[in-house]
Amino acid sequence: MTDNAAPSRLPSRPAQSVRVLLLDDDNFTLEIMADMLAALGGFDVRCETQARRALATLAGERPALLICDLSMPDMDGIEFMHAAAAAGFQGSVMLLSGMDGGVRRAAERLARAHGLKVLGAWQKPISEADLRSALATMATMASHAGGQNENLYNPATHRAK
């Protein structure tokens, strides 16, 4: 798989591992995502299948990145985004879903309206190229001073929607 610009902007080995929280009720999806991040290196990944436990993880471990499914049985992704924003989550967010593009775009807008830094919303399963692109966007955002409170909108991610 070839990715034109993203690999050059994504550090090959960060000095410190980037904390990532993966939230999905499907264990297979969690394994695939964790394996993709492990292959890229430099990520400390925590997987959760239950939204309420994931909220506790957000508060306790303060991950830099949340990768969240939109369709879960105990709390859907929209409710989760609202709760994460209310809890003061400051990291970046990637939304994943098997739902149609309209639902993903609406979820993106709602998460941004809550003040979250949304990198985009992708159809499951996300490709390695799209994951690399989102991580490169996150790295670029982190390198800019004052980007901490930025409400990110990245139209480049919409090609995968």
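Numbering starts at 1 and runs along the sequence shown. Values reported hereafter were calculated over all heavy atoms of this structure, with side chains retained and with hydrogens, waters and symmetry mates removed.
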Taking side chain as C-beta onward, heavy atoms only, is Met138 less than 4.5 Å from Leu119? yes
Are Lys124 and Asp69 ion-paired here, with the side-chain N under 4.0 Å from a carboxylate O? yes
So do the side chains of Leu131 and Leu40 get within less than 4.5 Å of each other, counting heavy atoms only? yes
Ring pair (Phe, Tyr, Trp, His ring centres under 6.0 Å) partners of residues 73-117, not counting sequence neighbours, each pair once: His82-His114
Decide yes or no for Leu21 and Leu65: does some side-chain heavy atom of the first lie under 4.5 Å from some side-chain heavy atom of the second? no
Between the side chains of Arg104 and Glu108, is the shortest nitrogen-to-carboxylate-oxygen separation below 4.0 Å, so that they form an ion pair? no
Run the side-chain hydrogen bond (donor to acceptor under 3.5 Å, both in side chains) test against Ser97 and tell me which residues pass, sequence neighbours left out. none
Donor-acceptor pair, Thr29 side chain versus Asp25 backbone, under 3.5 Å? no
If you draw a 6.0 Å radius around CZ in Arg62, do more than 12 non-hydrogen atoms from other residues or ligands fall strictly inside? no
From CG (Leu110) to CD (Glu79), nearest 0.5 Å: 12.0 Å
Which ring pair (Phe, Tyr, Trp, His ring centres under 6.0 Å) pairs, counting each pair once, include a residue from residues 49-68, with sequence neighbours left out? none
Any side-chain heavy atom of Cys68 sitting closer than 4.5 Å to one from Leu96? no
Nearest 0.5 Å, please: how far is CG in Leu55 from CE in Met75? 5.0 Å
Residues which pass side-chain contact (heavy atoms from CB on, under 4.5 Å) with Leu30, listed by chain and number, not counting sequence neighbours: Leu22, Asp24, Asn27, Cys47, Thr49
Kindly compute the distance separating CD1 (Ile78) from CE (Met72), expressed to the nearest 0.5 Å. 9.5 Å
Heavy atoms only: give me the nearest Met81-Leu116 pair and the separation to one decimal. O-CD1, 3.5 Å
Any donor-acceptor pair under 3.5 Å linking the side chain of Thr140 with the backbone of Ala136? yes
Can you tell me how far apart CG (Leu58) and CZ (Arg19) are? Round to the nearest 0.5 Å. 12.0 Å
Hey, does the side chain of Lys117 reach the backbone of Val93 with a donor-acceptor pair shorter than 3.5 angstrom? no
With rounding to the nearest 0.5 Å, note down the distance linking OG in Ser17 to CG in Leu37. 11.5 Å
Run the side-chain hydrogen bond (donor to acceptor under 3.5 Å, both in side chains) test against Asp44 and tell me which residues pass, sequence neighbours left out. none
List in chain and number order the residues that pass salt bridge (Lys or Arg N to Asp or Glu O under 4.0 Å) with Glu61, two or more places apart in sequence or in another chain; answer none if no residue qualifies. Arg46
Rounded to the nearest 0.5 angstrom, the OG1-CD distance for Thr57 and Glu48 is 4.0 Å
